[in-house]
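Chain letters run A, B, ... following the sequence lines, proteins first and then strands; every chain starts at 1. Atoms considered below: every heavy atom in the structure, side chains included; atoms not considered: hydrogens, waters and symmetry mates.
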Amino acid sequence: MIDFPLLTTIVLLPAAGALLVALVPRRRADLAKVLGVAVSVGTAVLAVVALVHFKTNADYQFVSQHVWIKEWGISWKLGLDGISLFLVLLTGLLFPVALLGPKVHHDTKAYVAWLLLLEAGCMGVFLALDLFLFFIVWEVVLVPMYFLIGGWGYEKRVYAALKFFLYTMAGSGLMLVGILALAFLHQAHFGHLTFDLQTLAREQSFAHSTGRWLFLAFAISFAIKVPVFPLHTWLPDAHTEAPTAGSVILAGVLLKLGTYGFLRFGLELFPIAAHDLAPVLLTLGVVGILYGALVATVQKDLKRLVAYSSVAHLGFIVLGTFAFTTQGLEGGVLQMVNHGVSTGALFLLVGWIYERRHTREIAELGGLQKVAPVFAGVFMVVMLSSIGLPGLNGFVGEFLVLIGSFVSRRWWAVPATAGVILAALYLLWAYQRVFHGEPEGENATFPEMTWKERGVMLPLVAAIVFMGVYPRPVLDRIEPAVKRLVQHVHDANGTHEPGPAAAAGGGNP
Amino acid sequence: MPLELPRVEWATILPETILVVGAMLILLGGALLRRRLPAWVWTVASIIIAAGAMVSAWDLWRRVSHNHQGGAHTAIANAVVVDGFSVYFALLTCGAVILAALMADSYLRRERLNAPEFHVLMLLSASGALLMAAANDLIVIFLGLEVLSIALYVLAGFAQRRAVSREAAMKYFVLGAFSSAIFLYGVALAYGATGSTNLGEIAAFLRASVSTHAVLLGAFAFLIVGLGFKIAAVPFHMWTPDVYQGSPTPVTGFMAAVAKAAGFAALLRIFFSTFGTHRLDWQPLIWALAVLSILVGSVLAVVQTDVKRMLAYSSISHAGYILIGLQAATVRGLAGSLFYLLAYTFMVLGSFGIVTLVARDGDARTGLDAYRGLGQRRPGLALVFTVLLLAQAGVPLTSGFLAKFYVISAAVEAHSYALAIIAMLAAVIAAFFYLRVIVVMYMAGDEADTADADPIRVPFGAGLSLAVSVVATVIIGTILAGPAFDFARHASILRL
């Protein structure tokens with residue numbers, strides 16, 4: 001253990017950076033950007049420090065706790081376990097990429113400041129262990145994203161930003177009532193008011209039916225964020241209209257807030273209700289997988305296609321989460337990271353195509369492979385990872401989800417498999433239309449990937465390959481926390497985890 | 001028969017006295033001085049008086065919060081009560097006076113209005129608000145209500161040259177007088193039902209008799225109607241949009257902050273503590289008022305194109321949220337309502353301060369169009385407004401969020417889940433119209449050419465007032481969240 005408020009620094013460093021950038025004079029856009037990159041890289045380094053000092057067990061580590069509003073039992077409590085570790089790393093990786101990758105057309109200073117504030121919020125969500133604090137950071141994330149979409153997005157940006165904000169806020173309103181009800185029920189039973197996650201998870205104090213209502217209040221909020229079909233309609237608009245960096249962060253990090261919420265708060269606090277309502281969420285997850293894939297297939301806009309592919313991919317994570325098996329959950333967590341890396345990279349590439357050609361219409365593109373082979377190659381690798389080609393990261397995650405859910409939830413796992421095939425259909429077809437053939441008109445002068453862009457892409461592609469070839473170090477660190485969570489759910493329900501489908505797992509009590 | 005006069009403990013009504021005497025001195029000075037003094041002199045005088053009242057209130061606060069030095073007590077033949085609650089409102093009101101005076105300073109010069117009279121009326125009105133919060137007798141509450149209101153009727157029409165201002169004053173006066181009469185009728189019925197107008201005696205009577213007489217129910221209804229008008233709760237809100245829009249903007253801010261706070265002071269004291277034993281009879285009424293205010297206020301605000309009018313509707317929905325705390329009828333609810341009023345005072349004064357500056361000459365430009373491109377033209381001003389609007393929408397890290405959090409938690413604790421859910425979903429509707437203003441300021445393209453002929457100026461006083469509002473809004477929502485809530489909680493200790 002290191003003797004330094006590591007997690008607090010991870011949250012507060014970007015926030016302080018945002019303030020600092022806001023103080024930079026307006027004309028010094030370059031300085032603002034340098035400062036932004038420096039702060040986000042610094043945060044990433046801190047995340048790596050956390051990885052290095054991380055001990056492979058199921059406990060929360062680097063916990064820092066300070067009383068905030070004593071009267072209400074509210075404290076600033078942060079902690080990290082195997083589930084949040086890699087999401088924090090993902091956040092640390094994607095923000096410098098999002099800052100460096102796309103060009104900013106105006107008002108760089110405000111743009112950088114909002115991005116840094118967003119990073120602080122996202123880190124806070126992944127680290128918060130106090131429900132009140134969690135709610136605060138959960139809501140704080142909305143504001144910078146709203147301004148990023150509304151201020152730097154494309155034609156329908158104002159509409160998309162508003163839709164994003166209102167949708168999420170409606171969900172979180174219900175969650176707030178849920179959080180309060182949970183805390184007060186706990187107080188009525190145990191005599192002290194607290195918002196501490198671990199205490200509330202340990203000391204369950206509500207009736208079976210009450211638990212369902214509470215879970216529902218949380219679940220609707222998370223489902224909107226994920227998004228789970230049919231609450232997904234804000235996503236295509238927000239993703240398509242957001243500036244490239246916004247899309248990268250939206251897909252890469254923000255969607256994970258919802259799936260992470262299900263894991264950390266949904267399963268932890270309401271294991272019985274989650275078990276009861278799992279069929280509903282599994283069904284919606286599978287519908288999302290198939291629906292997202294089908295709708296993605298018919299998109300004319302490349303960015304919208306990637307956006308719908310997110311709906312499909314996130315369905316897999318929901319499937320893995322509610323399978324309640326170690327493998328399924330592990331796959332779900334891994335898939336969160338995978339999706340963040342590969343879809344983030346895809347959005348970045350689509351953004352670069354737009355910067356060069358000023359269009360995202362698939363029909364207007366073509367033959368880019370001839371003029372920009374490196375660009376096409378990178379796109380190919382990222383796309384294949386998104387499809388789930390063995391040897392790349394996407395495969396490991398989806399495979400674990402499918403085998404994990406097959407042993408416990410066969411009838412949902414089988415149709416979900418079709419999603420993998422559909423992903424190949426829409427992505428390969430899109431790739432074929434955009435990159436194959438002869439380049440005509442403006443496509444013939446499509447510039448090759450610059451060295452800076454290659455530099456930005458490098459860590460993402462490296463992560464894709466590494467996690468595909470050798471996922472063990474990642475899975476090893478995720479596993480204890482996931483095992484504990486699965487055990488927690490099964491203990492509460494008096495059930496047992498079905499034996500793993502592959503020989504790797506070992507026996508369960 | 002010789003009338004026996006009660007002993008007057010002047011120390012207990014020192015804040016009110018300072019305000020009234022100060023107002024008289026300004027009035028005399030304005031009338032007798034041969035040479036016209038510059039407007040800022042009156043502003044400074046007004047601020048000093050309000051600050052003096054604040055200091056004396058703070059002294060009372062120290063005495064109240066340290067029980068061994070006296071604690072909460074009644075005075076002047078039990079007509080006035082000194083407790084955390086009354087002192088809290090005194091501090092809040094005086095703070096609002098200072099902010100409004102700073103804002104009004106440049107406004108009065110810009111509109112060429114008579115400065116001394118404005119400050120006199122504002123101070124008198126504030127003294128009425130203080131009296132309402134400190135009253136321990138329905139008659140004294142009525143007295144405070146009238147002092148508050150009559151000064152406000154005049155202030156609403158202070159920009160005599162503008163027809164809308166005169167119209168606002170007329171409307172406010174007619175409807176206000178009507179509601180005062182209803183309140184007075186409620187007082188009469190309460191007297192009829194309980195045999196006293198003294199809150200302590202009423203409470204004692206009600207504790208002894210559990211049954212509810214129809215006359216008492218009538219008293220509840222009439223008192224709620226009378227005070228519902230002051231706090232602008234639906235369905236007694238009809239005057240609000242017109243009066244808020246027509247009044248001079250600094251007056252609107254003052255009215256929205258102080259008149260509402262005073263109305264709530266009376267409402268909370270009468271119902272929470274005096275009629276607390278009969279809460280089952282009045283809670284449904286408050287529930288309905290809260291839901292209606294929140295929903296009607298939010299929905300109608302959405303369709304407004306005038307920012308001043310939109311803020312009027314938003315203040316109606318805020319009244320609904322504050323009522324949630326009363327509906328819960330718990331100490332936590334009361335503390336939540338008080339905290340909400342604290343946060344609301346800064347948010348609303350700051351917001352109307354921005355409107356004052358953007359409206360420019362003649363208080364004319366209050367439409368949404370006037371804010372187009374403000375993010376480019378006046379980034380600082382736009383940022384301040386953005387923070388205040390987000391706070392009103394209840395976004396975390398602002399006082400507005402904690403305010404909503406506290407009242408909603410009171411509702412949840414009291415098992416009013418439906419009310420809590422309705423309130424949170426209505427907050428989404430409300431967020432829509434706050435965001436609409438932000439969209440116009442930042443995302444509506446550069447069409448600022450028409451406005452450049454008459455640039456928006458931020459005079460020192462107004463800037464200071466805005467800075468205080470926005471800083472208070474942020475720090476109460478973050479680092480001072482604990483102490484601010486403690487402040488409100490101490491104030492929720494009522495003495496009968």
Side-chain angles (χ1 to χ4, degrees), chain A residues 15 22 26 67-72 74 106-107 109-110 117 121 124 132-143 146-147 149-153 157-159 161-163 165-185 187-188 193 195 210 213 217, chain B residues 332 335 375-376 379 383 386-387 390 393-398 401-402 404-432 434-436 438-446 477-486 488-489:
Chain A
R26 207 166 237 261
V67 174
W68 190 4
I69 307 177
K70 193 157 170 261
E71 191 74 19
W72 289 71
I74 290 169
H106 64 277
D107 213 357
K109 178 183 127 179
L117 194 61
F132 180 84
L133 177 63
F134 169 73
F135 185 81
I136 295 253
V137 279
W138 174 271
E139 287 271 278
V140 159
V141 165
L142 280 187
V143 178
Y146 167 77
F147 278 99
I149 299 176
W152 289 268
R157 59 181 190 274
V158 171
Y159 167 77
L162 206 57
K163 197 167 171 182
F165 195 101
L166 296 183
Y167 248 88
T168 320
M169 196 172 166
S172 46
L174 291 176
M175 181 161 74
L176 181 63
V177 177
I179 289 177
L180 286 168
L182 180 66
F184 283 121
L185 287 172
Q187 186 197 24
L193 188 59
F195 287 83
T210 315
W213 286 108
Chain B
R332 201 187 292 284
Q376 280 87 45
L383 183 69
T386 303
V387 172
L390 289 177
V395 170
L397 303 186
T398 63
F401 166 72
L402 284 179
K404 284 214 170 69
F405 177 79
Y406 290 141
V407 291
I408 298 287
S409 52
V412 171
E413 194 194 22
H415 302 294
S416 307
Y417 294 115
L419 184 57
I421 289 172
I422 292 170
M424 286 318 292
L425 293 181
V428 180
I429 306 174
F432 174 77
Y434 295 125
L435 289 181
R436 210 168 53 144
I438 296 174
V439 165
V440 169
M441 288 196 296
Y442 287 100
M443 303 164 193
D446 273 321
T478 49
I479 19 182
L480 288 188
F485 184 74
D486 275 349
R489 200 175 50 85

Mind ranking [options] by heavy-atom pairs under 4.5 Å with chain B and telling me who comes out on top?
options: W68(A), F135(A), F132(A); answer: F132(A)
options: V140(A), I179(A), L166(A), I69(A); answer: L166(A)
options: G150(A), A110(A), S172(A), A183(A); answer: G150(A)
options: W138(A), Y167(A), F147(A); answer: F147(A)

Please round to the nearest 0.5 Å and tell me the distance separating atom [atom1] of [X] and atom [atom2] of [Y].
X: Y406(B); Y: E413(B); atom1: OH; atom2: CD; result: 13.5 Å
X: L180(A); Y: Y417(B); atom1: CG; atom2: OH; result: 10.0 Å
X: M169(A); Y: I429(B); atom1: CE; atom2: CD1; result: 10.5 Å

L402(B) vs F485(B), side-chain contact (heavy atoms from CB on, under 4.5 Å): CA-CA, chis, key distance, verdict:
CA-CA 9 Å; L402(B) 284 179; F485(B) 184 74; over 6 Å; no
Counting only non-hydrogen atoms closer than 4.5 Å, does [X] touch chain A with its backbone (N, CA, C, O), its side chain (CB onward), both, or neither?
X: A423(B); answer: neither
X: L383(B); answer: neither
X: F401(B); answer: side chain
X: L425(B); answer: side chain
X: T478(B); answer: backbone
X: V439(B); answer: both

CA sep, side-chain torsions, deciding dist, call: L142(A), V395(B), side-chain contact (heavy atoms from CB on, under 4.5 Å)
CA-CA 9 Å; L142(A) 280 187; V395(B) 170; over 6 Å; no
Looking only at non-hydrogen atoms, find the nearest pair between V137(A) and G124(A) and report the distance.
CG2-C, 3.7 Å
When every non-hydrogen atom of K404(B) is compared with those of A427(B), the smallest separation belongs to CE-CB, 4.5 Å
Which bit of [X] comes within less than 4.5 Å of chain B, counting heavy atoms only: side chain, backbone, both or neither?
X: Y146(A); result: both
X: W213(A); result: neither
X: I149(A); result: neither
X: L176(A); result: side chain

Closest-packed option against chain A by number of heavy-atom pairs under 4.5 Å, given R332(B), R436(B), H415(B), M424(B):
R332(B)
Out of I421(B), I479(B), V428(B), I438(B), return the one with the most heavy atom pairs under 4.5 angstrom to chain A.
V428(B)
Evaluate the side-chain contact (heavy atoms from CB on, under 4.5 Å) criterion for residues L133(A) and F195(A): first the C-alpha distance (whole Å), next the side-chain angles of each, then the deciding distance (0.1 Å), finally the verdict.
CA-CA 9 Å; L133(A) 177 63; F195(A) 287 83; over 6 Å; no
Step by step, would you call L185(A) with L182(A) a side-chain contact (heavy atoms from CB on, under 4.5 Å)?
CA-CA 5 Å; L185(A) 287 172; L182(A) 180 66; 5.9 Å; no
Would you check if L390(B) and L397(B) make a side-chain contact, meaning some heavy-atom pair closer than 4.5 Å?
no
